[in-house]
Participant: 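Handing you a structure now.
Everything quoted here is computed from the prediction, not taken from an experiment. Just follow the structure's listing: the first ligand is 1, and inside any ligand the first atom is 1.
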Amino acid sequence: MPAVATRELSEQVGVEVLDVDAERLVTDPDLPEICEELLERYGVVLFRELHASDAAQVEFGAKLGELAVFPKFPNKNVMEISFDPGNPLAPYFPSNDFWHIDGCLDKMIAKTSIMSARVITEEGGETAFASTYLAYEKLTDREKEQLADTRVVHRMARIQKLSHPNPTPEELADWDRWPQRIHPLVWEHESGRRSMVFGATASHIDGTDPAGRELLDDLEHRATTPDRVYTHTWSVGDMVLWDNTGLVHRACEFDRSQPRRMSRSTVLGSEPIA
Ligand code: OGA
Ligand code: MN
């Protein structure tokens, strides 16, 4: 398989693919497999200023697996991430500012997320990534033992309340449309690697008082110290893929009166958190 030229983006997370343009993205038959290998190894794969159209993003994404359908958007495989008044999902997007895993409340966790920058702000609006594989590796042996059977309750209300601290009854009812999910804290992947599953949807440790969050907060804090984070500063046309099964990510603050628009596609997963 012909390799592509790459450059690491930080010590812990991320790699940039250097010699692929928008045409090669959809025509090179080896690229999907190369990307999967890079995702497994680096977590984040960047194509800088690729300017792939939504259609090209979908065409490429579909080679990585079945794509999620977002019925509310004109291209059913592309969710528009923006605070534009007409965006039907805009009320949910403030929650992207908190470390999270996409689709933690879905029946099956998403495998890969793909996002292209269409309109960016002059300041802020970066996207930050931290490895949950590394988070597990860096636990002490004693912690690995202690946490082996820990299970965590994930709730939509937990992540949404962070940005809507005084919810209306309608908002509360809306969030409850997502049933809570209980996931193991330590995910042993089919590959044999272990990652951790925490972030803003994580409400509390199963079987403990929902108010007791010290452990979850501590794990998230340790996993996301600046030396473990790759923060991507976007240029228009950048396309980033991330391994949603081995990373937490978040959007960084920006002036929401300024337009920022991203196109996101999601490759569905087939491996449950277990
Ligand atoms: C997402 C997300 C981050 C961003 O779309 O799932 O977390 O920077 N986006 O917009
Ligand atoms: Mn996300």
Side-chain angles (χ1 to χ4, degrees), residues 9 13-14 39 43-48 54 57-58 61 64 67-70 72-73 75-84 87-106 108-132 154-156 158-160 162-163 175 178 181 183 195 197-202 220 223-224 229-269 273:
L9 291 168
V13 176
L39 282 166
V44 172
V45 177
L46 164 67
F47 295 84
R48 211 181 284 277
D54 282 359
Q57 174 170 306
V58 167
L64 299 176
L67 295 179
V69 173
F70 308 114
K72 294 193 161 111
F73 294 94
N75 182 326
K76 302 275 174 280
N77 298 123
V78 179
M79 184 189 284
E80 179 182 312
I81 311 289
S82 76
F83 291 100
D84 298 352
N87 190 323
L89 297 186
Y92 298 101
F93 294 146
S95 65
N96 284 342
D97 288 7
F98 304 93
W99 290 108
H100 67 280
I101 296 173
D102 289 340
C104 232
L105 292 155
D106 295 343
M108 186 67 78
I109 185 175
K111 182 170 185 237
T112 307
S113 296
I114 310 175
M115 197 157 81
S116 291
R118 303 297 179 214
V119 178
I120 58 168
T121 48
E122 245 168 63
E123 266 184 81
E126 303 89 347
T127 307
F129 302 91
S131 169
T132 52
H154 292 256
R155 289 184 177 155
M156 188 57 143
R158 154 70 191 160
I159 183 168
Q160 292 298 333
L162 297 172
S163 48
W175 302 338
W178 281 266
R181 304 241 171 233
H183 296 302
S195 69
V197 183
F198 50 70
T201 56
E220 180 178 307
T224 56
V229 172
Y230 170 64
T231 300
H232 184 62
T233 302
W234 294 91
S235 299
V236 170
D238 285 358
M239 185 175 94
V240 166
L241 285 72
W242 68 88
D243 169 14
N244 187 59
T245 72
L247 292 170
V248 283
H249 65 280
R250 70 179 183 97
C252 301
E253 238 177 89
F254 65 97
D255 174 358
R256 294 217 181 115
S257 69
Q258 300 295 311
R260 174 187 190 262
R261 188 156 54 79
M262 320 296 274
S263 288
R264 173 151 79 67
S265 301
T266 301
V267 182
L268 296 173
I273 301 172

Participant: If we ignore hydrogens and angles and just use 3.5 Å, is the side chain of Asp106 paired with the main-chain N or O of Met108 as donor and acceptor?
Facilitator: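 Flag not set: sc Asp106 to bb Met108 has no pair under 3.5 Å.
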Participant: Would a distance-only check, ignoring hydrogens and angles, find a side-chain to backbone donor-acceptor pair under 3.5 Å from Arg181 to Leu105?
Facilitator: yes
Participant: Would you tabulate the polar-atom pairs, meaning N/O of ligand 1 against N/O of the protein, with distances under 3.5 Å, reported to 0.1 Å?
Facilitator:
residue: ligand 1; atom: 5 (O); partner: Arg264; partner atom: NE; Å: 2.7
residue: ligand 1; atom: 6 (O); partner: Asp102; partner atom: OD1; Å: 3.0
residue: ligand 1; atom: 6 (O); partner: Asp102; partner atom: OD2; Å: 3.4
residue: ligand 1; atom: 6 (O); partner: Arg264; partner atom: NE; Å: 3.0
residue: ligand 1; atom: 6 (O); partner: Arg264; partner atom: NH2; Å: 3.3
residue: ligand 1; atom: 7 (O); partner: His100; partner atom: NE2; Å: 3.1
residue: ligand 1; atom: 7 (O); partner: His249; partner atom: NE2; Å: 3.0
residue: ligand 1; atom: 8 (O); partner: Thr127; partner atom: OG1; Å: 2.6
residue: ligand 1; atom: 8 (O); partner: Arg260; partner atom: NH2; Å: 2.8
residue: ligand 1; atom: 10 (O); partner: Arg260; partner atom: NH1; Å: 2.9

Participant: Before giving the answer on side-chain contact (heavy atoms from CB on, under 4.5 Å), spell out for Phe73 and Val78 the whole-Å C-alpha distance, their side-chain angles and the decisive distance to 0.1 Å.
Facilitator: CA-CA 7 Å; Phe73 294 94; Val78 179; 6.0 Å; no
Participant: Just one of Phe98, Trp99, Trp242, Tyr230 clears the ring-ring contact (aromatic ring centres under 6.0 Å, His included) bar with His249, so which one?
Facilitator: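 Among the candidates, only Trp242 passes.
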Participant: Test side-chain hydrogen bond (donor to acceptor under 3.5 Å, both in side chains) on Ser116 and Gln57; report intermediate values, then the result.
Facilitator: CA-CA 8 Å; Ser116 291; Gln57 174 170 306; 2.6 Å; yes
Participant: How about the Mn ion (ligand 2), which protein N, O or S atoms come within less than 2.8 Å?
Facilitator: His100 NE2, Asp102 OD1, His249 NE2
Participant: Checking Ser263 against Arg118: is there a side-chain donor and acceptor pair closer than 3.5 Å?
Facilitator: yes
Participant: Carefully, step by step, assess Ile120 and Asp238 under the rule side-chain contact (heavy atoms from CB on, under 4.5 Å).
Facilitator: CA-CA 10 Å; Ile120 58 168; Asp238 285 358; over 6 Å; no
Participant: Anything under 30° is parallel, anything over 60° is perpendicular, the rest tilted; go ahead and classify Phe93 against Phe83.
Facilitator: perpendicular
Participant: Can you confirm whether more than 12 heavy atoms, excluding those of Gln258, are under 6.0 Å from its CD atom?
Facilitator: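 Correct, the count exceeds 12.
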